[in-house]
Engineer: 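Below is one structure. I have some questions about it.
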Amino acid sequence: MSERGFAHRLDAVVESATLRLNGMVQRMKAQGLEVANFTTGEPDFPVRAEIKKAVMEAIEADRSKYTPVAGIPGLRSAVAREQSLVHSSLPSWKAAEVVVSNGAKQAIFNALFALVNPGEQVLIPAPYWLSYPEMAKLADGDPLILATDVKDGYKLKPELLRETLESLRKRGKVARVLLLNSPSNPTGAVYTREQMQALGKVIQEHQSVTDEKLWIISDEIYEKLIYPGHEFVSFLSACPELRSQTVTVNGLSKSAAMTGWRVGWSLAEESLSKKMEVIQGQVCSGINSLVQWGALAALDLQEDARKAGGDAELKRQMSEYTRRRNRVFEILSRSKVLGLWNPEGAFYFLVDVSRAFLPGETAEAYCERVLEKAQVALVPGTAFGAPTTVRMSFATDMETLEQGCLRWVSMEG
Ligand code: PLP
């Protein structure tokens, strides 16, 4: 029994560092201090009027009863249609293969809970989104971190995946899930088709010598946030032969600036989707009924935009993100101690601060020092499996970005 009588499951699970730091920033702001908050990963653009209108209509029409656990039929079909366009080389997705969830976060949680047995390995390339290892632990799995290097553009090397799978097999351990995230939070790395295919080949080789199925959870939540010169490739577009062992996760939080609405989804073969639906049904039922009508409107807008040859609003947002990314890079590169890598997608810089550390300093202590001295809030890279880095989100207005970055650089001298 743990000290206070809480379940042992929680002993190794940590609180989300971004949420904790955000709390510190709110307290500083409440004391009247000016803080440039670069911690949160949420677009600062408003939700489109058509989406809001659809929810208001749903309220007026009393569409406020429980919905099917996996989502209203129209929304599941719209997700299946959208994803079928992305995976054009695959047979079309069916609505029954979609589970609408409370954000992409719950979709990943549902998948891990449906797939992982106690002690099985969940392979996570680092730097990773901070919730992956904690969710794997909650599902009683063992997170196994696979390092990537900035020199390889933070991409998982197929050789490392091969060696890891071989070594696990030799030791009689089961590799159950590989979690891929492109574009990545926190690095902004975007895998090319060839890089994904090389990983897919290793998975197929592994599959040919073991009966245990290795699932891929491909978290594609930043799909639409790609910088010029890079291209989004969905894992299953690159490796269609792995369809029966891949869960694709996506949602509206980042692409439609709908973080607080909590709309995400998973696409996976029907039998697994059914299991995920059972989990969600016992934990929280279907997501908020009204929000689903807004989500449907958002997907309709995306479909119309695709037919019209491009989404003008998204293009506008991406050109603004690109402007901010370039300006932040320009200001931060004035410092001789901050190590920069230009993100290919999403809206984060993972900055190497090893040369900025005081003797013995950790990333957490560094972030506290920057918060106190420069009133700039950053997230310590420890939370992402990259302890000599800090993550800075640039989903913030240009003025705050410029002022905060200038204060940070002048503190570093
Ligand atoms: N996956 C990644 C990589 C993320 O960065 C986030 C949110 O920050 C999520 C999933 C969760 O997204 P949602 O807000 O849809 O739950």
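Heavy-atom basis, side chains included; hydrogens, waters and symmetry copies ignored. Predicted model only: the values in this text are computed from it and were never measured. Read the numbers this way: they start at 1 and go in the same order the structure lists the ligands and their atoms. Residue numbers start at 1 and run along the sequence shown.
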Engineer: Establish, from distance only, whether the side-chain atoms of S319 and R323 form a donor-acceptor pair under 3.5 Å.
Structural biologist: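 Per modelled atom types, S319 and R323 side chains form no pair under 3.5 Å.
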Engineer: So, E402 side chain and E399 main chain: donor-acceptor pair closer than 3.5 Å or not?
Structural biologist: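 Between the backbone of E399 and the side chain of E402 there is no qualifying donor-acceptor contact (under 3.5 Å).
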Engineer: Polar pairs, ligand 1 vs protein, N/O only, below 3.5 Å.
Structural biologist:
from	atom 1	to	atom 2	distance (Å)
ligand 1	1 (N)	D219	OD2	2.5
ligand 1	5 (O)	N185	ND2	2.7
ligand 1	5 (O)	Y222	OH	2.8
ligand 1	8 (O)	K254	NZ	2.8
ligand 1	14 (O)	S253	OG	2.9
ligand 1	14 (O)	R262	NH1	2.8
ligand 1	15 (O)	A104	N	2.8
ligand 1	15 (O)	S253	OG	2.8
ligand 1	16 (O)	A104	N	3.1
ligand 1	16 (O)	K105	N	3.0
ligand 1	16 (O)	R262	NH2	2.7

Engineer: I'd like to know if E372 and R369 make a salt bridge, using a cut-off of under 4.0 Å between side-chain N and carboxylate O.
Structural biologist: no
Engineer: Do any side-chain atoms of residues 88-95 form donor-acceptor pairs under 3.5 angstrom with protein atoms, and if so which ones, sequence neighbours left out?
Structural biologist:
from	atom 1	to	atom 2	distance (Å)
W93	NE1	H87	ND1	3.0
K94	NZ	E270	OE1	3.2

Engineer: Would you please classify the geometry between the Y321 ring and the F45 ring as parallel, tilted or perpendicular, with 30° and 60° separating the classes?
Structural biologist: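 Perpendicular, since the angle between the ring planes exceeds 60°.
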Engineer: Checking the side chain of K213 only, and the main-chain atoms of S244 only, is there a donor and an acceptor separated by less than 3.5 Å?
Structural biologist: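 Such a contact is found between K213 side chain and S244 backbone.
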